[in-house]
2 protein chains.
Amino acid sequence: MKNNLNHAYCPAIETMALIGGRWKVIILHVLSKQARRFGEINVRVPSISRKVLTEQLRELEADGLISRKQYKELPPRVEYALTEYGQSLCPLLAYMAAWHKEKV
Amino acid sequence: MKNNLNHAYCPAIETMALIGGRWKVIILHVLSKQARRFGEINVRVPSISRKVLTEQLRELEADGLISRKQYKELPPRVEYALTEYGQSLCPLLAYMAAWHKEKV
DNA sequence: AAAAGTGGTAACCTTAAAGTAACAAATGAA
DNA sequence: TTCATTTGTTACTTTAAGGTTACCACTTTT
């Protein structure tokens, strides 16, 4: 009989749930420089399909990391930007980048 | 004609490649406390199958984050531990945990 | 009149990841 | 003699993720 009380709880997991998606970190990185339109993100994130980009953006938005602002123009214009919450992730991304740079 | 030169390079991605796997962070977290045998990890990582645990451990080992030490005993005994390289990730995991704690 | 431009969506297909179950190997214990 | 133990592996199936193509809406440009 296994003892389930041994299960480890790792709080870092919660953060990974937000940024662990296949393209999330690149998207956040792109938006960290400046707000971008859908098409601009699409060009800057290599080889992502529009479908998947839409999905990832929706998830980031649902998690409160980015905002979506739609202008009433034609052809349509939609701008994505980091929220304050999303911006608070930047030091973490910088830490990750620095760790890699230092250790390799 | 799309301009491919717009592709963003995000160094944090490289780090994510190491710890972004479905179970990597939990495994690292478990091993950060102390070295563990295969079965001990299996119990502490909720609902992971032996097959997938093996795969993830092999990848972590190939990336140099953990070490695998096999004792010549029967029944077999194998112990996994963080390498020095793997230990250097701990502050990052702590950062991730702290960010989540503070922001939610 | 038709095409371009933008930000999607819907339907469908393929690929990658994960799960399941059975088996192995050597020894000691029942 | 058979079972239990431990760390896997192998073969097979299921699920999730991602890709592909076609299409829409509305206006301006060719």
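Reckoned from all heavy atoms, side chains included, excluding hydrogens, waters and symmetry mates. Below, chain A is the first sequence line, B the second, and so on; all start at residue 1. It should be emphasised that the depicted structure is a prediction, and the values quoted were computed from it without experimental measurement.
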Inset, instruction - Evaluate side-chain contact (heavy atoms from CB on, under 4.5 Å) for Cys10(B) paired with Val25(A), printing each intermediate quantity in order. - result: CA-CA 8 Å; Cys10(B) 173; Val25(A) 168; 3.7 Å; yes
Inset, instruction - Could you tell me the separation between the NZ atom of Lys51(A) and the C1' atom of dA16(D), rounded to a whole number of Å? - result: 11 Å
Inset, instruction - Please report the closest heavy-atom contact between Trp23(B) and Ser47(B), naming both atoms and the distance. - result: CH2-OG, 3.8 Å
Inset, instruction - For Glu73(B), look at atom CD and say whether over 12 heavy atoms of other residues, nucleotides or ligands are found less than 6.0 Å away. - result: yes
Legend entry - Residue Phe38(B), side-chain heavy atoms: nucleotide from dT7(D), dT10(D), dG18(D) that is nearest: dT7(D)
Legend entry - Exam field: side chain Trp99(B) to backbone Pro91(A), donor-acceptor pair closer than 3.5 Å: no
Legend entry - Value rounded to 0.5 Å, distance of CD in Glu40(A) from CG in Leu31(A): 10.0 Å
Inset, instruction - Please state whether the phosphate of dG8(D), meaning OP1 or OP2, lies under 4.0 angstrom from any side-chain nitrogen or oxygen of Arg58(B). - result: yes
Inset, instruction - Measure the spacing between CD1 of Ile19(A) and CG of Asp63(A) and express it to the nearest 0.5 Å. - result: 11.0 Å
Legend entry - Whole-Å distance separating the CD1 atom of Ile48(A) from the P atom of dG19(D): 7 Å
Legend entry - Candidate list Glu61(A), Lys69(A), Arg68(A), test side chain to side chain donor-acceptor pair (under 3.5 Å), partner Tyr80(A), passing option: Arg68(A)
Legend entry - Gap between atoms CG and C1', on Leu53(B) and dT6(D) respectively (whole Å): 13 Å
Inset, instruction - Rounded to the nearest angstrom, tell me the gap between atom CD in Glu55(A) and atom P in dG18(D). - result: 7 Å
Legend entry - Residue pair Asn42(A) / Ile48(A): nearest heavy atoms and the distance that separates them: ND2-O, 3.3 Å
Legend entry - Angle by which the axis turns from one end of the helix from dA1(C)-dT30(D) to dA30(C)-dT1(D) to the other, five pairs per end, to 10 degrees: 30°
Legend entry - Contact residues, residues 66-80 of chain B to DNA chain C [heavy atom, < 4.0 Å]: Leu74(B)
Inset, instruction - Would you mind telling me which residue lines up with the more 5' stretch of DNA chain D, Leu57(B) or Ser47(A), judged by nearest nucleotide? - result: Leu57(B)
Legend entry - Nucleotides bounding contact with chain A, strand DNA chain C, heavy-atom threshold 4.0 Å: dG5(C) to dA11(C)
Inset, instruction - Would you kindly give the CG-to-C1' distance between Asn42(A) and dT20(D), to the nearest whole Å? - result: 14 Å
Legend entry - Point-to-point distance, once rounded to the nearest 0.5 Å, from CD1 of Ile27(A) to OG of Ser32(A): 12.0 Å
Legend entry - Thr83(A) OG1 to Leu65(A) CG distance, which is reported to the nearest 0.5 Å: 6.0 Å
Inset, instruction - Would you check, one step at a time, whether the test side-chain contact (heavy atoms from CB on, under 4.5 Å) holds for Arg50(B) with Phe38(B)? - result: CA-CA 9 Å; Arg50(B) 271 192 321 240; Phe38(B) 183 88; 3.7 Å; yes
